[in-house]
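Since the structure comes first, as structure tokens, the remarks are kept for the end.
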Amino acid sequence: LLEDHVVVLGYGDVTESFLDRFGDETDLVVVTPDSGAASRLTDRGTEVLTADPTDESALSDARVGDASAVAVAGDDDAENVLAVLAARNVNPDVRIVALANEETHVAKLRAVGADEIVDLRAIGGQLLGASVFDRDPDLSATTSTDGESEGEAEDGAGDGPDGPAE
């Protein structure tokens, strides 16, 4: 019986590398309608539910109600928005981190209840720019929480109503 596990909703370009970040100490369940991906994941020992990640009954079967976190990781942002809504309906208190494939969808994912949004294109751009100049990337502006990127929250510290503090 799963408790305090991570549920991954959707399967996309970054899902494999995301799953590689977890060791055996973290219980995972991937919910995807892609039977080919489900077969590959099952072969590598990952628990998979071959179902629609936007279907609340499938999320209940994946025990989102008992999960410690939900990662929404599909390639289609519209489906990711629906998956966030479904997960929030099943468990209003679970931490939800969602992938935004397009920057224009970050606000939508936030509006439907994602606690944190990872902007995939911003990460790619930061890594590319850092690699050109052989520097460590500043990825603080590639995630969004509570309505602003982490970089904006930090950069705006000390600003008053009339602009930056002097």
Side-chain angles (χ1 to χ4, degrees), residues 1-103 105-124 127 137 139-151 153-154:
L1 203 59
L2 290 172
E3 289 184 4
D4 293 328
H5 58 294
V6 175
V7 178
V8 181
L9 301 179
Y11 183 89
D13 292 337
V14 301
T15 308
E16 288 288 338
S17 61
F18 170 74
L19 294 174
D20 288 342
R21 301 284 297 172
F22 292 94
D24 293 336
E25 69 279 354
T26 303
D27 290 325
L28 295 166
V29 177
V30 177
V31 180
T32 178
D34 182 339
S35 59
S39 178
R40 288 189 304 276
L41 291 168
T42 300
D43 288 347
R44 72 178 254 179
T46 302
E47 188 165 342
V48 180
L49 179 59
T50 306
D52 180 354
T54 68
D55 180 352
E56 291 177 24
S57 64
L59 275 54
S60 293
D61 291 344
R63 303 194 48 90
V64 166
D66 296 319
S68 61
V70 172
V72 180
D75 286 336
D76 182 329
D77 284 344
E79 187 171 291
N80 288 349
V81 164
L82 293 173
V84 170
L85 280 169
R88 190 57 72 208
N89 285 341
V90 172
N91 186 345
D93 300 320
V94 72
R95 175 171 169 73
I96 301 174
V97 179
L99 180 67
N101 295 283
E102 299 287 336
E103 183 180 1
H105 298 139
V106 169
K108 292 173 184 77
L109 287 160
R110 183 181 311 109
V112 297
D115 296 302
E116 187 162 348
I117 301 98
V118 176
D119 184 342
L120 185 60
R121 292 186 188 260
I123 289 172
L127 290 172
L139 298 178
S140 63
T142 61
T143 61
S144 176
T145 57
D146 299 328
E148 59 187 351
S149 73
E150 292 176 4
E154 292 168 8

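These values consider heavy atoms only, across backbone and side chains, with no hydrogens, waters or symmetry-generated copies.
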Revision key, fill the gap. The side-chain contact (heavy atoms from CB on, under 4.5 Å) partners of Ser60 (sequence neighbours excluded) come to Val90
Point to revise | Pair listing, salt bridge (charged side-chain N to carboxylate O under 4.0 Å, His left out) test, anchored in residues 44-59, at least two apart | key: Glu16-Arg44, Asp20-Arg44
Check your understanding: Any side-chain donor-acceptor pair under 3.5 Å between His5 and Asp27?
Key -> no
Exercise for review: May I ask you to decide if Gly36's main-chain N or O and Ser39's side chain share a donor-acceptor pair within less than 3.5 Å?
Suggested key: no
Practice item. May I ask you to decide if Glu3's main-chain N or O and Asp66's side chain share a donor-acceptor pair within less than 3.5 Å? Key: no
Exercise for review: In plain terms, say whether Arg88 and Asp115 are close enough for a salt bridge, that is, a side-chain N and a carboxylate O under 4.0 Å apart.
Suggested key: yes
**Study point:** Heavy-atom side-chain contact between Leu19 and Val8 under 4.5 Å
**Key:** yes
**Study point:** Main-chain N/O of Phe22 paired to Thr26 side chain as donor or acceptor, under 3.5 Å
**Key:** no
Practice item. Please answer whether the main-chain N or O of Asn101 pairs with a side-chain N or O of Asp77 as donor and acceptor at a distance below 3.5 Å. Key: yes
Practice item. Output yes when a side-chain donor or acceptor of Asn91 lies under 3.5 Å from a complementary backbone atom of Val94, and no otherwise. Key: yes
**Study point:** Expected output: side-chain Asn80 to main-chain Ala100 donor-acceptor under 3.5 Å
**Key:** no
Review point. Any Lys/Arg nitrogen of Arg95 or Glu116 sitting under 4.0 Å from an Asp/Glu carboxylate oxygen of the other?
Key: yes
Practice item. Check whether any side-chain heavy atom of Thr32 sits under 4.5 Å from a side-chain heavy atom of Val48, and report yes or no. Key: yes
